Amino acid sequence: MRLESRLAALAAAGDTITYGDLARDLGLRMAELTTQLETLMEEDAAQGRPFRAAVLRQRLSPDHLPAPGFFLKAAELGHPTDDPAAFTADQRRRLANPG
């Protein structure tokens, strides 16, 4: 299964996944996954879509938030991320309920 379709399935189901689990599922090294996720974030920003990478979470995050790099990239792309939990919740809500 390709990265995009895996993220779409997770978003539709309202699920999250750790970076490590997703990398293993797709047979990717972490650096490859990170590069692909950043590219998807750039595409999402250019199209005005929510970030598909928002369905990822850090393994040890008690509130199931994405890794710090997600927020750094989102901020680089012009999104306010001063409240990471609210930003993530909004992105995930928009992914689960498109349109």
Side-chain angles (χ1 to χ4, degrees):
M1 181 179 283
R2 293 186 41 222
L3 176 61
E4 295 90 344
S5 56
R6 182 78 163 116
L7 295 177
L10 288 162
D15 287 337
T16 61
I17 192 169
T18 66
Y19 292 86
D21 287 344
L22 183 59
R24 274 188 297 283
D25 288 353
L26 298 175
L28 298 172
R29 292 190 323 234
M30 194 61 69
E32 294 169 321
L33 176 62
T34 300
T35 298
Q36 290 184 27
L37 290 170
E38 287 186 356
T39 298
L40 286 179
M41 289 181 74
E42 291 166 0
E43 291 173 10
D44 290 341
Q47 296 296 319
R49 295 185 303 235
F51 293 123
R52 292 172 279 181
V55 301
L56 281 105
R57 62 180 162 80
Q58 294 184 86
R59 185 172 57 89
L60 299 178
S61 173
D63 36 8
H64 299 275
L65 292 178
F70 169 80
F71 300 105
L72 291 173
K73 186 67 176 180
E76 176 186 308
L77 293 168
H79 292 262
T81 60
D82 50 308
D83 185 343
F87 179 73
T88 301
D90 179 62
Q91 295 295 301
R92 290 176 179 169
R93 179 191 54 76
R94 292 175 56 210
L95 286 166
N97 303 302

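Numbering of residues begins at 1 and proceeds along the displayed sequence. Because only heavy atoms are used, hydrogens play no part in the values below, and waters and symmetry mates are left out as well, while side chains stay in. Everything numeric in this text was worked out from a predicted model, so none of it was measured.
- Closest approach of Q91 and A54 over heavy atoms only: CB-CB, 3.6 Å.
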Worked check of side-chain contact (heavy atoms from CB on, under 4.5 Å) between L56 and T18: CA-CA 6 Å; L56 281 105; T18 66; over 6 Å; no
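- The side-chain hydrogen bond (donor to acceptor under 3.5 Å, both in side chains) with R57 is formed by just one residue from the set D21, D63, T16; it is T16.
- In this structure, the side chains of L26 and E32 stay at 4.5 Å or more apart for every pair of heavy atoms.
- Closest heavy-atom contact between M41 and A74: CE-N, 3.7 Å.
- Take D15 and apply the salt bridge (charged side-chain N to carboxylate O under 4.0 Å, His left out) test, not counting sequence neighbours, and it matches no residue.
- Follow the hydrophobic side-chain contacts under 4.5 Å out from M30 and you never reach L72; the two are in separate clusters.
- In terms of heavy atoms, Y19 sits closest to L37 at CE2-CD1, 3.9 Å.
- Classified by interplanar angle (parallel below 30°, tilted 30° to 60°, perpendicular above 60°), the ring pair F51/F70 is perpendicular.
- In this structure, L28 and L22 have side chains that are not in contact, with every pair of non-hydrogen atoms separated by 4.5 Å or more.
- Within the 4.5 Å cutoff, the side chain of L7 has heavy atoms near those of the L40 side chain.
- Residues that satisfy the side chain to side chain contact (heavy atoms under 4.5 Å, CB included) test with P68, not counting sequence neighbours, are Q58.
- Taking every heavy atom of both residues into account, P84 and L65 meet most closely at O-CD2, 4.0 Å.
- Side-chain contact between R93 and D90 is present, with heavy atoms from C-beta onward closer than 4.5 Å.
- Nearest approach of L95 to P50, heavy atoms of both residues: CD2-CG, 3.7 Å.
- Screening residues 39-53 for salt bridge (Lys or Arg N to Asp or Glu O under 4.0 Å) gives E42-K73, E43-R52, D44-R49, D44-R52 as the qualifying pairs, with residues at least two apart or on separate chains.
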